Amino acid sequence: MARVFSGVQPSGSPHIGNYFGAWTRWATEQEAGHFYCIVDLHAITAPHDPAELRERTIDLACWLLAVGLDPERCTLFVQSHVREHTECAWVLDCVATMGELKRMTQFKEKSQGRDSVSVGMFNYPVLQAADILLYHAEEVPVGADQRQHIELSRDIAGRFNQRFGQTFTLPKATFPTSGARIMDLQHVENKMSKSAQSPQGTIDLADTEAATRKKIMRAVTDSGTEIRAAPDKQGVTNLLDLLSAATGSGVPALEAELEGQRYGDFKKTVADAVNERLRPVRERHAELREDPAAVQAMLARGAERARETASATMVDVRAKVGLTG
Ligand code: TYM
């Protein structure tokens, strides 16, 4: 059994990119030794509203439970509840280099056009490395946009081990066969994203079935008629990827099955499949929202369990680095 860690930020509204890119595997592959984390400390690297963050943290926990994470089988917790994350991040800050952080494409994208960028946003990938390394995770199930961050975590772990002796496991990212990079339905050159700059291009898990259908029916395609994945057919390719993720059928099989269909009918098929997949998740989420106290209690138990592993790792890290006490 591989040890697994992954995380999601409680910022913006969760969308089908999060669901198909990462969460479905979290739910189907979960077992003891798997840690799933709501990374609230990452969510404060950009300007935020405190009340909204509190609300989003609980809401995100409800979504993760609704998707099928079972706190009896895996450990689900909130990052800031386990103080070792920030402590470990500081130690790793002293191992990571400015040069490698400056190369992170996500930092470049997120900081672009801002007058002032927090140090936290720059250090963001080091905190992410701390998340993963504290739990000795071998695998990190994520969407394709996180590849570079996981590679950096691996580099930092390797450098620490070389300098101070074998301490951390080297993690590797794992990606789904389909849905690793769901693109915005209106701007197909951009990945679907929580920042909601494109509400019509993003399908939130919280959207109604009618809204989901409408967005898919209006998705940008091309002027052709063929339903085929190709570099010059980004819109159609994205919808095929989405259909593949929602149904579990491979893209070549879907291309054969859909041959001759019009784009309108194809989009209807995609909308039905997505709504069908999300229906039980949306229903369960609505139920869970009714008892936030129970969700909070579950998160407290998760943090306790996570702390056992994280604190044992930090005892080792402190000793290796020469910190006394
Ligand atoms: P976040 O919160 O942006 O996204 C959570 C997960 O959803 C995936 N994802 C997507 N997958 C496919 N298509 C998309 N359009 C799409 N958008 C998002 C992400 O790849 C991710 O797996 N830095 C991380 C959070 C994090 C983390 C960690 C992840 C903090 N510590 C440790 C793994 C391990 C992030 O911002 O994810």
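On a predicted model such as this, the values are computed, not experimentally measured, just so you know. In listed order, ligands and their atoms are each counted from 1. Both backbone and side-chain heavy atoms feed into the values below; hydrogens, waters and symmetry mates do not.
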Go through the steps for Asp40 and Thr57 under the test side-chain hydrogen bond (donor to acceptor under 3.5 Å, both in side chains), then give the verdict.
-> CA-CA 7 Å; Asp40 54 350; Thr57 301; 5.1 Å; no
Under the criterion side chain to side chain contact (heavy atoms under 4.5 Å, CB included), which of Asp70, Leu69, Leu76 is the partner of Arg73?
-> Asp70
So what's ligand 1 close to, N/O to N/O, under 3.5 Å?
unit_1	atom_1	unit_2	atom_2	d
ligand 1	2 (O)	Gln9	N	2.9
ligand 1	2 (O)	Lys194	NZ	2.7
ligand 1	4 (O)	Asn18	ND2	3.3
ligand 1	7 (O)	Asn18	ND2	3.1
ligand 1	11 (N)	Gly17	O	3.1
ligand 1	13 (N)	Ile182	N	2.9
ligand 1	15 (N)	Ile182	O	2.8
ligand 1	15 (N)	Met192	O	2.9
ligand 1	20 (O)	Gly143	N	2.8
ligand 1	20 (O)	Asp145	OD1	2.4
ligand 1	22 (O)	Gly143	N	3.2
ligand 1	23 (N)	Tyr124	OH	2.7
ligand 1	23 (N)	Gln128	OE1	2.9
ligand 1	23 (N)	Gln146	OE1	3.1
ligand 1	31 (N)	Asp131	OD2	2.7
ligand 1	36 (O)	Gln9	NE2	3.0
ligand 1	36 (O)	Tyr124	OH	2.7

Find the distance between OG1 (Thr221) and CD (Gln234) and round it off to the nearest 0.5 Å.
-> 12.5 Å
Between Gln148 and Thr105, does any side-chain donor sit less than 3.5 Å from a side-chain acceptor?
-> yes
Here the gap from Arg83 atom CZ to Leu41 atom CG, rounded to the nearest 0.5 Å, amounts to 9.5 Å
Does the separation of the ring centres of Phe107 and His149 fall below 6.0 angstrom?
-> no
